[in-house]
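Model, not experiment: these values are computed from the prediction.
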Amino acid sequence: MLDASGAGPMAQGVTAARDWVKVLAKYRQPDTARSLFELSVTIGPFVLFWALAWWAMGISYWLTLAISCVNAAFLLRLFTIQHDCGHGAFFESRTVSDWLGRVLGVLTLTPYDVWRRSHSIHHASAGNLGRRGIGDITTLTVAEYRALPVVRRVLYRLYRNPVVLFGIGPGYIFLLQNRVPLGLTGHMKYWISAMTTNAAILAALGLILYFGGWAPILLIFLPTSLLAATTGVWLFYVQHQFESTHWSEEQDWDLHTAALKGSSYYVLPPVLQWLSANIGIHHVHHLYSRIPFYRLPQVLRDHAELAGMNRMSIRESLRTVQLQLWDEQSGRLLSFAEARQV
């Protein structure tokens with residue numbers, strides 16, 4: 001799993017990682033017609049499935065729930081489009097991208113300007129042990145974990161438990177945490193982003209409640225939002241939390257090396273790759289975040305070296321939930337059990 005060895009630029013180290021940026025620059029240009037098409041074939045079905053789910057309430061609540069779960073896939077895809085807007089990769093105009101991102105942020109329960117800032121911090125510090133804490137999954141080193149008092153060890157174990165990470169966590173993040181600009185509370189801009197998004201969400205929920213009561217909120221809004229959030233958190237997790245990922249101290253950290261070595265290529269079936277808007281091609285995305293998501297497969301077709309790096313299948317990804325601590329000596333992410341033997 002995740003074999004990053006072999007021929008090509010990667011074998012040459014840090015310089016090669018930087019060289020990839022020059023190679024990938026030619027893929028950065030958005031195609032307005034393609035972007036509009038991708039937006040329409042995502043938001044169109046999303047609205048349609050919402051309407052079908054509402055209509056199905058007159059037939060069967062179970063049918064409504066099933067349609068809502070299917071629609072979560074399109075909400076996830078809308079989030080990835082919002083993600084591209086945040087990187088300025090969806091339209092040539094940054095202004096148009098930003099306003100589309102803000103509108104989509106109401107649907108995804110994510111204040112766009114807050115998320116864009118925290119996500120840019122994630123990209124600028126991924127894999128840096130000295131700059132953890134914003135936009136990432138909290139990861140301790142073996143030494144740090146051993147130095148903790150018992151209570152904080154227990155809390156970290158709870159945090160890294162799959163039930164918390166993928167069960168409680170997504171709902172907490174998107175329903176509660178996103179309501180305030182945590183980590184950015186000292187800036188009015190981010191309060192405005194959070195509060196205006198909250199107001200728009202409340203207005204939409206108010207309309208739903210007025211016309212349909214609590215049923216569409218409980219059977220459509222919540223299942224669609226929570227399932228999309230859970231899937232999104234899982235994708236973000238496996239993109240950086242794998243055995244041979246990359247972490248280093250500030251003095252040894254290199255942006256491009258961390259991007260290439262610390263991000264996975266999550267190999268998904270074509271349907272799932274489409275629904276997740278190619279976000280699994282994450283090593284390429286981190287190397288050059290301005291590439292529109294619909295150009296990422298072309299990068300892999302043109303460059304076999306990148307297509308062969310950091311590959312992770314769905315089956316292989318399931319093991320990543322057992323990995324919780326970074327071992328600086330071996331340069332691997334370990335389970336608690338493995339860490340005890342170090």
| query | Is there a donor-acceptor pair closer than 3.5 Å between any side-chain N or O of S35 and the backbone N or O of F90? | reply | yes
| Are any of the side-chain heavy atoms of L24 and L287 separated by less than 4.5 Å? | yes
| said: Hydrogens and angles aside, do Q298 and R301 bring a side-chain donor and acceptor to less than 3.5 Å of each other? | reply: yes
| Exercise: identify the closest heavy-atom pair between A53 and T64 | O-OG1, 3.1 Å
| Taking everything shown except Y61 itself, do over 12 heavy atoms lie less than 6.0 Å from its OH? | no
| query | Should we say atom CD of E250 is surrounded by more than 12 heavy atoms from elsewhere, each under 6.0 Å from it? | reply | yes
| request: Using the six-membered ring of W99, assess whether NZ or CZ of R94 lies under 6.0 Å from its centre and within 45 degrees of the ring axis. | output: no
| Hey, does the Lys NZ or Arg CZ of R28 hover above the aromatic six-ring of Y288, less than 6.0 Å from the centre and inside 45° of the axis? | no
| task | State, without any angle test, whether D302 and Y27 hold a side-chain donor-acceptor pair at a distance under 3.5 Å. | result | yes
| message | Under 4.0 Å between a side-chain nitrogen and a carboxylate oxygen: does that hold for E316 and R311? | response | no
| request: Establish, from distance only, whether the side-chain atoms of R153 and Y145 form a donor-acceptor pair under 3.5 Å. | output: no
| message | Does the structure place the NZ or CZ of R117 under 6.0 Å from the centre of the six-membered ring of Y190, at an angle of no more than 45° from the ring's axis? | response | no
| task | Would you kindly check if the NZ (Lys) or CZ (Arg) of R131 is within the cone defined by 45 degrees around the ring axis of W253 and under 6.0 Å from the six-membered ring centre? | result | yes
| field | Any side-chain donor near an acceptor of the partner, H246 and H240, under 3.5 Å | value | no
| request: Could you walk me through whether H256 and H286 pass the ring pair (Phe, Tyr, Trp, His ring centres under 6.0 Å) test, one step at a time? | output: CA-CA 8 Å; H256 305 104; H286 259 259; over 10 Å; no
| query | Under 3.5 Å, is there a donor-acceptor pair linking the side chains of R160 and Q241? | reply | yes
| task | Check the side chains of T108 and Q82 for a donor-acceptor pair under 3.5 angstrom, ignoring hydrogens and angles. | result | yes
| query | Does atom CZ of R34 have more than 12 heavy-atom neighbours from other groups under 6.0 Å away? | reply | yes
| Just checking, is any N or O donor in the side chain of Y266 or W234 under 3.5 Å from an acceptor N or O on the other one? | yes
| message | Under a 3.5 Å threshold, yes or no: a donor from one side chain and an acceptor from the other, between Y112 and D98? | response | yes
